[in-house]
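Have a look at the structure below before the remarks.
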Amino acid sequence: MGLLDDAKDAAQAAGEKVSRTVEDAKERISDAAEERQADAKVKQAEADRDRVKAKNDFKEGLRD
């Protein structure tokens with residue numbers, strides 16, 4: 001029975017390692033997606049800021 005138990009333990013350990021590896025990969029992908037979304041939001045906010053500044057500068061120019 002010792003050999004069978006050793007094989008069973010080795011298979012279980014290998015399965016756990018594969019499971020952890022898959023979970024780590026899924027987490028990395030999720031983190032990368034969140035980072036891309038955050039970057040997109042920053043770019044959108046910067047574009048909105050620049051648009052508002054340009055509009056305000058134009059209006060200020062009309063007032064002078």
Side-chain angles (χ1 to χ4, degrees):
M1 281 276 207
L3 184 59
L4 186 58
D5 288 338
D6 289 346
K8 183 179 175 183
D9 289 343
Q12 185 176 1
E16 289 173 2
K17 181 172 175 124
V18 168
S19 177
R20 283 192 304 266
T21 301
V22 168
E23 287 298 320
D24 288 346
K26 285 172 34 180
E27 189 173 330
R28 282 189 199 106
I29 291 168
S30 175
D31 291 347
E34 287 178 16
E35 186 176 344
R36 284 190 299 275
Q37 288 175 343
D39 287 343
K41 286 180 182 179
V42 167
K43 287 180 182 180
Q44 180 64 41
E46 289 173 343
D48 288 345
R49 178 199 61 208
D50 293 345
R51 179 186 54 79
V52 169
K53 183 177 180 342
K55 178 185 77 169
N56 290 342
D57 289 347
F58 180 74
K59 285 173 139 180
E60 190 63 34
L62 291 177
R63 290 184 190 122
D64 291 339

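Position 1 is the first residue of the sequence, and the numbers go up from there.
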Is there a side chain to side chain contact (heavy atoms under 4.5 Å, CB included) between Lys26 and Val22? Walk through the geometry before answering.
CA-CA 6 Å; Lys26 285 172 34 180; Val22 168; 4.1 Å; yes
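The CG atom of Asp6 sits 12.0 Å away from atom NZ of Lys8, with the distance rounded to the nearest 0.5 Å. Considering CG of Asp57 and CG of Leu62, their distance stands at 11.0 Å, rounded to 0.5 Å. Between the CD atom of Glu34 and the CZ atom of Arg36 there is a distance of 10.5 Å, given to the nearest 0.5 Å.
Salt bridge present: Arg63 and Glu60 bring a charged side-chain N and a carboxylate O closer than 4.0 Å.
In the displayed structure, Glu35 atom CD is contacted under 6.0 Å by at most 12 heavy atoms of other residues, nucleotides or ligands. Annotation: Glu27, atom CD; neighbour count of heavy atoms from other residues, nucleotides and ligands within 6.0 Å does not exceed 12.
One N or O on the side chain of Thr21 and one on the backbone of Lys17 form a donor-acceptor pair closer than 3.5 Å.
Inspection of the Gln44 and Asp48 side chains reveals an N or O donor paired with an N or O acceptor under 3.5 Å.
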